Amino acid sequence: MIRSEQEQVRLGSLQQLRDLGINPFPAEEFLVSHRSEGLRADFKEGVEVSLAGRMMSRRIMGKASFAELKDSQGSFQLYINRDEICPGEDKTLYNSVFKKLLDRGDFIGVKGVTFLTKVGEPSVKVLEFKVLSKAIRPLPAVKTDDDGNVHDAFSDPELRYRMRYVDLCVNDKVKETFVTRSKIIRTIREAFDNEGWLEVDTPVLQAIPGGAAARPFATHHNALDIPLYLRIANELYLKRLIVGGFEGVYEFARNFRNEGMDRTHNPEFTILELYVAYKDYNWMMKTMEELLGKVAKSVHGKTQVVLAGQEIDFSPPYARVTMRDAILENTSFDIDNLDEDGLRKACKQLGIDVDASMGRGKLIDELFGEKCEHKYIQPTFITDYPVDMSPLTKTHRDKPGYTERFELFINGTEVANAYSELNDPIDQRERFESQAQLAERGDDEAMFIDQDFLRSLEFGMPPTSGVGIGIDRLVMMLTDQTSIQEVLLFPQMRPEQF
RNA sequence: GACUUGGUAGCUCAGCUGGUUAGAGCAUCUCACUUUUAAUGAGAGGGUCCUGGGUUCGAGUCCCAGCCAGGUCACCA
């Protein structure tokens with residue numbers, strides 16, 4: 001293995017530490033009394049503390065030095081004075097160990113006393129330090145000046161995603177994004193738990209990948225000798241649980257879809273699905289706008305959030321626009337007056353590619369996707385989707401041909417999808433059958449018929465409303481990110497060649 | 001998958017119509033410096049110019065193929 005000059009120096013230092021009887025990778029616990037932000041928030045001089053972390057920089061001035069120690073909360077300044085850590089004649093600990101053999105990126109533990117420097121920086125005067133772990137590779141040397149300008153940022157997206165550990169070490173904003181992600185999920189979970197809804201786990205490996213229109217990843221179970229699929233959705237399992245008598249169930253589900261990747265799609269992604277009995281999609285709209293208002297508030301302290309330079313207002317209520325009105329407003333075509341051929345002509349007239357496999361629902365979906373979707377920047381519920389693009393949704397109570405379904409759009413991106421769930425087993429069977437016909441026409445994303453799911457509905461499912469929220473996308477909306485890779489710790493990449 | 005932009009030191013980047021030994025800042029190494037904070041001052045080292053072909057007296061630079069990534073589009077949530 002070829003080592004860079006800096007790596008060779010560090011490997012040499014590692015050996016010299018060992019030669020001095022210092023274990024560069026000690027096993028024993030290091031007791032920490034404080035962490036950086038806590039210590040700064042409640043700062044008093046003259047307090048004995050022990051801190052541990054990564055040494056991010058050093059400023060050596062002869063017989064005294066300053067260093068930045070970075071822990072999980074932030075950074076804290078250390079002051080190391082030669083004669084204080086080496087009171088006797090032997091100055092090896094300072095002159096050799098600290099100045100020569102330690103490097104940026106090494107983990108150290110220190111014990112010392114708090115004080116304020118001449119310029120008022122809260123610091124720890126180090127009395128003892130211990131090598132906790134040696135770094136062989138140099139971290140990128142990112143610096144921030146007094147005006148907050150970042151110099152020599154570690155910014156190459158490929159390197160950042162492939163070596164997220166480095167990205168997290170040197171780019172504080174990245175860490176913040178994932179702290180926020182966790183907070184968003186925690187806020188939702190707390191809200192649902194307060195309602196008494198049950199968090200559940202359902203199968204990731206499924207014999208029939210159902211609940212959505214998408215291409216699955218296929219795998220094989222050796223012992224059973226059967227094909228299995230990674231789930232594209234968990235919807236049908238959660239509904240089985242409603243059949244089983246739970247009144248509210250939810251799951252933060254990792255789903256897998258074998259499709260393209262771009263800044264809003266990763267092959268694996270997280271959807272929060274929630275099903276609540278005796279509710280309908282109108283109730284769900286209210287529940288969602290209240291939830292998102294609450295989440296925005298818990299993350300930002302207010303419901304107005306800046307996203308890609310625009311302010312998004314998450315305070316309820318959100319606009320409600322029917323699919324028909326959305327298309328009417330944006331294209332002046334009234335889908336109520338158009339049959340399949342008419343829709344196909346309308347699409348062609350608007351420059352939308354169509355093919356023979358597209359049914360009425362798919363054509364309407366194209367019209368909306370191409371000409372309307374991107375216009376909904378503020379949170380908007382698009383409601384009442386045509387029956388044939390919503391095979392799991394109850395037909396609309398008073399609009400024939402439509403369903404009780406909505407999708408939530410924010411910044412032109414679909415963030416949630418919800419319906420009054422179809423619980424009529426006869427109707428559901430017919431919908432599955434028409435999906436099967438679509439498959440025969442060439443639609444490779446049409447749904448499979450799930451006989452067990454149909455059987456469960458035949459035992460009776462209460463009226464239920466369900467929703468799926470794209471958690472990754474929601475996190476994007478709330479952290480001012482426009483790429484899904486920025487909200488996934490390890491976005492999918494083509495494997496690296498070593 | 002298509003189009004497009006890029007890949008040069010550990011990091012961020014220059015490198016002109018092809019022309020000596022490929023540069024800068026930070027980082028690294030050596031020396032100085034006991035309250036600095038993008039520490040400072042002096043000096044030094046560090047390169048598979050993504051890979052493989054080709055054109056040429058000569059290629060980081062031009063051509064072809066490939067690999068990886070970003071962006072746009074297609075597909076999708």
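Given the structure is predicted, the values throughout are model-derived calculations rather than measurements. Chain naming here is simple, since letters A, B, ... match the order of the sequence lines and numbering starts at 1 in each.
Rounded to whole Å, the separation between the P atoms of B:G10 and B:G6 comes to 23 Å. Across the P atoms, B:U48 and B:A9 are found 8 Å apart, a figure rounded to whole Å. Nucleotides B:A42 and B:G47 have their C1' atoms positioned 26 Å apart, rounded to a whole Å. Rounded to whole Å, the separation between the C1' atoms of B:G23 and B:A74 comes to 42 Å.
The residue A:A212 sits apart from the nucleic acid: no heavy atom pair falls under 4.0 Å.
Nucleotide B:G18 forms no Watson-Crick or G-U wobble pair with any nucleotide shown, as no partner meets the under 3.5 Å limit on both distances. Of the nucleotides present, none pairs with B:U48 by Watson-Crick or G-U wobble criteria with both distances under 3.5 Å. Within the shown strands, B:G71 is the pairing partner of B:C3 under the Watson-Crick or G-U definition, both distances less than 3.5 Å. Figure legend. B:U40 is base-paired to B:A32; pairs are counted as Watson-Crick or G-U wobble with both atom distances under 3.5 Å.
Looking only at atom types and distance, the side chain of A:R231 has a donor-acceptor partner in the side chain of A:T202 under 3.5 Å away. Of the N and O atoms on the side chains of A:D71 and A:S36, at least one donor lies less than 3.5 Å from an acceptor on the other residue.
Ranking B:U37, B:C67, B:G70 by closeness to the A:R494 side chain, first place goes to B:C67. When distances run from any side-chain atom of A:S155 to the nucleotides B:C75, B:C13, B:A69, the shortest one goes to B:C13. Nearest nucleotide to the A:I60 side chain, out of B:C33, B:U35, B:C75: B:C33.
Screening A:R181, A:R473, A:R160 for a salt bridge (Lys or Arg N to Asp or Glu O under 4.0 Å) involving A:E486 leaves a single residue, A:R160.
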